[in-house]
Amino acid sequence: MLLIARSIILAVLLTLAFFFAIILCIVRPMHRDNVHVIAKLFSSVAPILGIKVITRNAVINPQVDTGAEANAGTDTETEASLKQPKIYLANHQNNFDLFTHTSAVPEATVSLGKKSLAWMPLFGQIYWLSGNILIDRKNRHSAFDTMAKTVKRMREKLLSVWIFPEGTRSRGRGLLPFKVGAFHTAIAAKASIVPVLASCQNHIKLNKWNNGVVIVEMMAPMSTANVDKADAKKLCAKVHQVMSQRLAELNQEASLLMAKPQ
């Protein structure tokens, strides 16, 4: 019964959200803050699904060694640095990312998605008109061209980009290997990398009244200002290591919170 009721409510809310998004995209197509506004709309649905989302920024660490000899470390969170374009790297688990990760999407940020999304009825058109970037990963030349244009947009419009570096949903398999493209883009744009992690979502079911806690944490930014493009793979490996370690910690913390009597 709960599954049916929640599915109906979710369908109605998503229809309204899509209707609002269409109007927003028609009024101001490709606007730099469209994705942020729509993301907040979707994140507001989490409580209806029985999910308690805890969204937070991590405390800035003194320095993060990227494994390259470039001494890439964390940015100082000054007002100036906050305005600079960033590459947000988020773990990708399942469809519930639409209601959890979206709570952390900042202003002036667009996401990078598969070109095939454009062919999805309604969603694809909204995704494109929102200002998101579509990439054809199967076409190497086209993908390189898209990333070059992305770097140009980041520099000219001070636009940040949200990327799922795993390239596919992990579906409970932990943090999958990263594709190196996001790191080449960050280095080319001289943009800081900001890891964003959502704790495990495998426990979420539409037929459960209480779907527990999901912690969404935006980690300390890691500068790429002095990182050479030859060190992209080293940077990729180090960021994956840092994110894997932190994800394990967040999973443990979320499990402890859910184990406490409500």
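Every heavy atom of this structure was used, including side-chain atoms; hydrogens, water molecules and symmetry mates were not.
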Check your understanding: Any idea how F183 and F178 line up, ring-wise: parallel (<30°), tilted (30 to 60°), or perpendicular (>60°)?
Key -> parallel
Check your understanding: Do the ring planes of W162 and F164 sit parallel (below 30°), tilted (30 to 60°) or perpendicular (above 60°)?
Key -> perpendicular
For [X] and [Y], which heavy atoms make the closest approach, and how far apart are they?
{"X": "T224", "Y": "A191", "answer": "OG1-O, 2.8 Å"}
{"X": "N211", "Y": "L49", "answer": "ND2-O, 2.7 Å"}
{"X": "V239", "Y": "L89", "answer": "CG1-CD1, 4.2 Å"}

Review point. Near R140 CZ, under 6.0 Å, is it more than 12 heavy atoms from other residues, nucleotides or ligands?
Key: no
Between [X] and [Y], is there a donor-acceptor pair closer than 3.5 Å when you use the side chain of the first and the backbone of the second?
{"X": "D33", "Y": "E107", "result": "no"}
{"X": "S142", "Y": "N139", "result": "no"}
{"X": "R32", "Y": "G131", "result": "no"}

Review point. Using a distance-only test with no angle check, is there a side-chain donor-acceptor pair under 3.5 angstrom linking N132 and S111?
Key: yes
**Study point:** Chi angles and distances behind the side chain to side chain donor-acceptor pair (under 3.5 Å) call for R171, N202
**Key:** CA-CA 7 Å; R171 301 190 186 281; N202 284 349; over 6 Å; no
Point to revise | E253 bridged to R56 by N-O distance under 4.0 Å | key: yes
